[in-house]
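Read through the structure below, which is laid out as structure tokens, and then see the notes.
Note that this is a predicted model, so its numbers are computed, not measured.
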Amino acid sequence: MKYVVTLWLVLTVCLANAQEQDTSSFIKQTHRLELEVYNDYHNFTVIPGDDNGLLVVSEPNDERTVGERWEMIGLDTNLNERWRQNVFANAGTYFKGYDYNEDNYYLLFGRRQFREEELTVFRLGAERNDTTTFRINTVFPIDLEFFEIMGNTIIFGGYAFYKPVIMLFNMNEKLPKVLPGVYNNFASILDLIPNDRLNIFSVVMGDRLPSKYNTVTIKSYASDGTPIQDRTLNPGKETNLLDAASTSFLSGYQYIAGTYSKRKNEYSRGLYLARLKNGIQESILYHNYGDLQNFFVHMSDRREQRVKERIKRRKASGKRIRFNYRLAIHNMIEQDGQYLMIGEAYYPRYRHASGGIAGMPLNNVNYGTTSGANSLPNNFNPYFIGYKYTHAVVVAFDKSGRILWDNSFEINDVQTPYLKEYVKVKYDPVSNKTILIYLYNNVIKSKIIDENEIIEAKTRNPVKLTYESDKAKSTDKTMEGLENWYGDNLLAYGKQRIRNLRDPSVKGNRKIFYINKITYEKNLLLE
């Protein structure tokens with residue numbers, strides 16, 4: 001028995017060590033920075049600054065300066081500290097948002113209660129810690145969701161009295177201006193897209209037609225707020241446009257992509273792409289999820305085959321295929337004449353008073369019925385526990401709206417209390433490869449594709465620690481994240497509790513905020 005126990009222990013140690021090994025041949029972690037965490041309420045925000053480095057906003061939250069002092073740390077692209085300074089705001093102020101534009105970081109702060117119309121924007125230079133402060137009064141309170149910088153203009157987007165509103169603030173004239181034509185009872189702001197080169201921006205809005213079906217409206221303005229175009233998409237008969245992402249103007253063309261449903265259903269049935277020329281809708285094409293080649297590869301082989309066989313039989317008999325999906329849409333990416341749309345499929349989960357959990361996927365395919373497994377009986381008392389992700393899908397459209405290729409990426413290990421964009425996309429124009437990558441629970445997951453083909457299947461790279469004897473005992477999932485940075489690089493960040501009982505020069509236990517620089521091996525992609 002002693003030998004069996006010993007062998008079991010050896011196997012356990014070997015398996016544990018194997019789990020810590022990188023399984024991707026392409027993804028590398030080249031640099032790491034650690035910052036000490038003082039208490040559980042010590043928060044950090046990381047702002048990428050292209051090849052100028054990045055900015056770390058640290059809110060110590062000590063008792064003497066709660067909500068008043070923020071520490072700014074400017075880093076270069078190797079995560080070396082360039083400068084450090086404090087920014088002070090009034091008591092009761094909180095950090096609301098940020099942007100990076102033309103070698104400057106912009107930080108937005110607002111008041112908490114009863115004075116939400118009072119905003120402060122700090123502008124910090126990326127290379128040196130020069131600071132300019134802008135005090136802005138929006139006259140009426142705005143629940144902000146968008147904050148963009150374009151040249152000398154600050155663009156605010158949000159809701160006032162439950163209606164959408166866009167406000168501009170010129171940093172030279174220091175005057176706010178409300179855009180016309182946005183304030184609408186039945187509209188919502190889906191996206192706000194600045195174009196620094198043309199000095200114009202577009203507001204993509206969810207709208208409602210007289211028939212009560214949902215559609216999308218695109219409003220474009222010059223940087224001073226002068227209207228350029230206002231166009232509402234015609235989705236066709238009994239079709240809902242549920243959401244939208246848009247390109248900026250490209251030689252007079254603009255492309256809008258998103259998900260659609262039929263008969264006012266809140267679940268999407270597929271994808272659409274609309275093309276506008278000089279503000280006029282030229283076309284809108286719809287693609288059922290069943291038309292995609294790799295949409296179901298996140299399933300087990302057996303289940304995927306079963307679904308595809310049902311789709312084939314349904315098409316052969318001339319019957320419609322009905323899907324029910326929730327898909328969170330990312331911004332569109334233009335690359336080499338193709339337009340990439342990325343979406344992440346998810347479903348909500350609930351815990352009932354009885355202790356059970358409900359909220360399974362809607363079986364993902366619905367052949368003729370209108371209800372799904374997500375429907376909850378009325379005699380239950382659901383408690384929302386989070387959104388469960390299933391997979392990400394990337395679809396490439398050509399300029400006419402036809403699908404060139406599609407692929408997907410399994411992400412069914414992610415559950416989060418709020419929706420956020422997990423999967424980041426990097427395209428390498430030399431090798432024509434696309435890298436799909438996300439971070440969750442201290443592990444970097446990646447997949448590399450060449451259009452429909454898989455170059456490297458899903459891999460896992462544990463977040464690289466500073467010392468060989470470091471062991472990450474826990475991570476704060478609410479603080480960790482992954483962001484595109486510059487060129488071939490991304491950055492991962494988060495809070496960790498680390499134990500090290502071997503190195504005498506290191507604390508045995510430490511709580512830190514880390515930033516890891518991530519890149520991929522371009523030369524290997526060419527092989």
Side-chain angles (χ1 to χ4, degrees), residues 188-191 204-206 213-216 233 235 239-247 255-274 284-299 303-304 307 311 320-333 339-349 359-366 370 372-375 386-397 401 403 405-416 418-425 434 436 438 440 447 449:
S188 60
I189 304 173
L190 301 177
D191 206 355
V204 183
M205 305 186 67
Y213 282 90
N214 296 325
T215 186
V216 171
L233 294 183
T239 302
N240 269 321
L241 304 185
L242 298 177
D243 47 33
S246 173
T247 65
Y255 295 86
I256 315 294
T259 61
Y260 74 94
S261 69
K262 289 290 187 179
R263 298 181 181 179
K264 304 177 185 179
N265 193 341
E266 61 178 304
Y267 303 108
S268 65
R269 186 172 293 185
L271 309 173
Y272 74 88
L273 187 131
I284 183 167
L285 297 182
Y286 295 97
H287 306 279
N288 189 287
Y289 290 129
D291 297 329
L292 301 183
Q293 184 175 337
N294 296 296
F295 189 79
F296 305 101
V297 297
H298 69 283
M299 301 177 177
R303 188 183 178 197
E304 179 190 2
V307 168
I311 292 172
R320 290 187 298 175
I321 307 165
R322 297 178 180 177
F323 292 88
N324 285 314
Y325 265 94
R326 287 181 171 96
L327 209 66
I329 301 300
H330 298 196
N331 292 333
M332 291 184 69
I333 301 173
Y339 303 96
L340 296 190
M341 193 206 74
I342 300 96
E344 294 173 335
Y346 67 93
Y347 60 90
R349 301 186 78 205
M360 298 300 291
L362 290 174
N363 204 23
N364 292 330
V365 185
N366 185 331
T370 57
N374 242 27
S375 302
Y387 295 103
K388 182 72 173 177
Y389 287 68
T390 59
H391 66 293
V393 57
V394 54
V395 180
F397 298 94
I403 291 179
W405 56 268
D406 69 274
N407 223 310
S408 64
F409 186 20
E410 178 185 347
I411 52 173
N412 60 6
D413 50 348
V414 173
Q415 180 169 301
T416 175
Y418 51 87
L419 289 175
K420 61 176 287 188
E421 180 183 306
Y422 271 92
V423 175
K424 306 299 179 183
V425 178
T434 302
L436 310 174
Y438 71 96
Y440 185 72
K447 180 178 181 178
I449 60 175

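Minimum interatomic distance between R269 and N288 (heavy atoms only, all atoms of both residues): CG-ND2, 3.6 Å. In terms of heavy atoms, I329 sits closest to A245 at CG2-CB, 3.9 Å. Summarising the geometry of D243 relative to Y272, their closest heavy-atom pair is O-OH, 2.8 Å, with the distance given to 0.1 Å. Among all heavy-atom pairs drawn from L271 and M341, the shortest one is CD2-CE, 3.5 Å. Among all heavy-atom pairs drawn from E304 and V297, the shortest one is OE2-CG1, 3.3 Å. Between N265 and L242 the shortest heavy-atom distance is O-CD2, 3.8 Å.
Cation-pi contact between K420 and Y422: present, with separation from the ring centre below 6.0 Å and deviation from the ring axis of at most 45°.
Of the residues Y260, Y267, F295, F296, the one that meets the ring pair (Phe, Tyr, Trp, His ring centres under 6.0 Å) test with F323 is F296.
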_Between F397 and H287, does the side-chain contact (heavy atoms from CB on, under 4.5 Å) criterion hold? Intermediate values first, please._
CA-CA 11 Å; F397 298 94; H287 306 279; 3.7 Å; yes
_side-chain contact (heavy atoms from CB on, under 4.5 Å) evaluation trace for L273 with Y255_ = CA-CA 7 Å; L273 187 131; Y255 295 86; 3.8 Å; yes
*How far apart are the C-alpha atoms of H391 and M299, what are their side-chain angles, what is the distance that settles it, and do they pass the side-chain contact (heavy atoms from CB on, under 4.5 Å) test?*
CA-CA 9 Å; H391 66 293; M299 301 177 177; over 6 Å; no
*Begin from the C-alpha positions of N214 and L241 and carry the test side-chain contact (heavy atoms from CB on, under 4.5 Å) through to its verdict.*
CA-CA 6 Å; N214 296 325; L241 304 185; 5.6 Å; no
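Within the 4.5 Å cutoff, side-chain heavy atoms of V425 are placed close to those of I333. The shortest side-chain heavy-atom distance between I342 and F409 does not fall under the 4.5 Å cut-off. Between Y387 and V414, the closest side-chain pair of non-hydrogen atoms is not below 4.5 Å. Side-chain atoms of M205 and L190, non-hydrogen and from C-beta on, never get closer than 4.5 Å to each other. Counting heavy atoms from C-beta outward, H298 and N412 have side chains that stay 4.5 Å or more apart. Within the 4.5 Å cutoff, side-chain heavy atoms of L327 are placed close to those of Y289. Side-chain contact between L340 and V395: absent, with no pair of heavy atoms (C-beta onward) separated by less than 4.5 Å.
A donor-acceptor contact shorter than 3.5 Å is absent between the side chain of D191 and the backbone of A244. Judged by distance alone, with hydrogens and angles left aside, the side-chain atoms of S261 form no donor-acceptor pair with the main-chain N or O of E266 at under 3.5 Å. Although no hydrogens or angles enter the test, the distance criterion places no donor-acceptor pair under 3.5 Å between the side chain of E421 and the main chain of H330.
Atoms OG1 and OH, on T416 and Y346 in that order, are 12.0 Å from each other to the nearest 0.5 Å.
Between the side chains of S408 and N294, no donor N or O sits under 3.5 Å from an acceptor N or O. A donor-acceptor contact closer than 3.5 angstrom is absent between the side chains of N324 and Y347.
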